[in-house]
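Indexing begins at 1, ligand by ligand and atom by atom, following the structure's order. In this text, all values refer to a predicted model and were calculated from it rather than measured experimentally.
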Amino acid sequence: MVKVVKFGGSSLASAEQFRKVADIIHSDESRRYVVPSAPGKRFSSDTKVTDMLYGCYELAVKGRNFDKEFEAIKERYNSIIDELKIDLDLTEEFNTVKACFIGRAGRDYAASRGEYLNGKVLAAYLGYEFVDPAEIVFFREDGTFDIEPTLAAVSERLKGVERAVIPGFYGSMPNDTIKSFSRGGSDITGSIVAAGVNADLYENWTDVSGFLICDPRIVEDPEPIRTITYKELRELAYMGATVLHEDAIFPVRKAGIPINIKNTNKPGDPGTFIVESTSLKPLYTITGIAGKKGFAVVNIEKDMMNSELGFGRKVLEQFEKNGVSFEHMPSGIDTMSIVVHQNEFGEKEQEILAGIHRNAHPDVIDIETDLSLIAVVGRGMKSERGTAGRIFSALAHAHVNVKMIDQGSSELNIIIGVAERDFERAVSAIYEIFVLQKL
Ligand code: ASP
């Protein structure tokens, strides 16, 4: 059994966290490949090393002195090294990094040093081999990630390496400069390493015990999700639920490797398993609830719309021409509604409306704003009767007016549009009925 374990920034923010990480790794022989992030926040007002590096680099680019800021970064690493009594001196490394900042090695290079240096510290602490991802994670000329050669290189490089630390977040460009993923990108590196070594499991260690059924800022202490499929996760992530970088799914999903989100501070908690499919019956009819504010709806009416060939195309073309993508499009016989992001739409509103008038000749166009969308997601909904009914009766009881309903053909989710002021009340009511009352 081979596990790839990725530890996020808060899991490696201090010597105390490093100790927990080492305990976790040592407690399971199969945890052989370790992907660290840069040290994150130790307390809520703290600054992540990645942000400190970005800040320093900005100063360097402006030709300003950044000695003080750089010292603070060195201190983050040195305090961990000293406290854990690791036999490692990073002086040379720090000097190189500083010289490269002055030489303007690039923002990506600057940010990547957070993971690079943390990888050095963790490798020394664990006594594992250090493998620089610049050697094995590749980007194309246009800056996009190049998966095929990367997987081949990871597999080749780690063949015969029993245990290694491979820093997250970055790789290299064809011209050998450093390129980083977008923020939170160490999740992607973990996934790549897991796929490259054909791991049995990709464990992603963070500071929460997995995904929660809904946002804890709305419902107090919501239950965690034990098992979620990739498709369900995509629906929830799209609606704003975040724990894992979205691009981290692809490499492991393609290789059929499950992901387990785990909590470094509570290693005994089962966390959330993300899988392709499962025969496990979900505990509740729904897997999760997520939502977002900031939508507008363009409602269009035209008599006999249903029999007019090309009507929908003529309408949608106007959005496309103006570079506004639509999110949902519930329709009736003589009506169609187009749900868009309010701020994107606002900028192009008059051009789009004029275009619709000119090309599709509708009877009425009306715009509703300040709408929020709530996605109720669950593989269990397909086989249950009356899910939609229960949602709507819960919302009616909570005095929430439903403005829009859209059920995907997969029956995996139901999207509900409610006024922004009703958003929190609606999410709580749905949680209450499915999770607390277990209906
Ligand atoms: N350290 C980087 C960030 O803060 C990448 C990561 O942690 O995944 O975004």
Side-chain angles (χ1 to χ4, degrees), residues 4-14 17-18 20-21 33-58 69-70 72-74 76-77 80 90 93 97 101 105-123 130-134 136-137 139 143 145 150 154 165-172 178-195 202-208 210-211 237 241-252 259-265 274:
V4 169
V5 286
K6 180 256 165 179
F7 290 91
S10 58
S11 301
L12 292 163
S14 63
Q17 293 299 86
F18 262 71
K20 291 184 194 169
V21 164
Y33 302 104
V34 185
V35 176
S37 280
K41 294 184 180 193
R42 292 158 294 182
F43 38 87
S44 63
S45 60
D46 199 13
T47 310
K48 288 174 156 201
V49 165
T50 309
D51 292 311
M52 296 167 89
L53 287 161
Y54 277 129
C56 260
Y57 191 69
E58 291 294 297
E69 288 76 6
F70 201 77
I73 295 172
K74 284 163 70 174
R76 290 288 310 259
Y77 292 103
I80 296 171
L90 286 178
E93 298 282 2
V97 173
F101 273 33
R107 266 189 111 235
D108 282 14
Y109 167 82
S112 75
R113 295 307 90 181
E115 271 67 11
Y116 172 84
L117 295 167
N118 220 23
K120 290 273 173 184
V121 178
L122 188 60
F130 173 87
V131 175
D132 191 341
I136 50 175
V137 174
F139 291 86
F145 169 56
T150 297
V154 171
V165 171
I166 309 108
F169 193 38
Y170 71 94
S172 59
I178 295 292
K179 165 102 186 113
S180 58
F181 290 108
S182 56
R183 295 300 301 265
S186 299
D187 285 341
I188 310 173
T189 313
S191 178
I192 293 166
V193 173
Y202 169 27
E203 284 181 344
N204 188 296
W205 292 82
T206 174
D207 52 7
V208 287
F211 287 99
T242 49
V243 168
L244 192 72
H245 193 297
E246 239 199 313
D247 297 341
I249 305 286
F250 183 69
V252 276
I259 306 173
N260 189 191
I261 309 281
K262 296 273 286 177
N263 189 348
T264 301
N265 305 316
I274 310 170

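The shortest heavy-atom contact between Glu246 and Ala237 is CG-CB, 4.4 Å.
Side-chain atoms of Asp132 and Tyr170 include a donor-acceptor pair closer than 3.5 Å.
The closest donor-acceptor contact from the side chain of Arg76 to the backbone of Ala13 lies under 3.5 Å.
Under a 4.0 angstrom heavy-atom cut-off, Gly185 registers as being in contact with ligand 1. Contact between Gly168 and ligand 1 is absent, with no heavy atom of the residue lying under 4.0 Å from the ligand. In this structure, Glu115 is part of the shell of residues with a heavy atom less than 4.0 angstrom from ligand 1.
Ligand 1 places these atoms under 4.0 Å from at least one heavy atom of Thr50: 1 (N), 2 (C), 3 (C), 4 (O).
Among protein heavy atoms, the minimum distance from atom 7 (O) of ligand 1 is reached at Ser37 OG, 3.1 Å. Ranking protein heavy atoms by distance to atom 6 (C) of ligand 1, first place goes to Ser186 OG, 3.4 Å. For atom 3 (C) of ligand 1, the nearest protein heavy atom (residue, atom name, distance) is Arg183 NE, 3.3 Å.
Between Asp187 and ligand 1, no N or O atom pair is found at a separation short of 3.5 Å. At under 3.5 Å, not a single nitrogen or oxygen of Lys6, backbone or side chain, sits near a nitrogen or oxygen of ligand 1. Looking at Phe169 next to ligand 1, no N or O pair under 3.5 Å apart turns up.
Taking Phe7 as the reference, Trp205 meet the ring-ring contact (aromatic ring centres under 6.0 Å, His included) condition, with sequence neighbours excluded. Residues that satisfy the side chain to side chain donor-acceptor pair (under 3.5 Å) test with Ser191, not counting sequence neighbours, are absent from this structure.
The environment of CZ in Phe250 is sparse: at most 12 heavy-atom neighbours from other residues, nucleotides or ligands sit within 6.0 Å.
Ion pairing between Arg107 and Glu58 holds under the 4.0 Å rule for side-chain N and carboxylate O.
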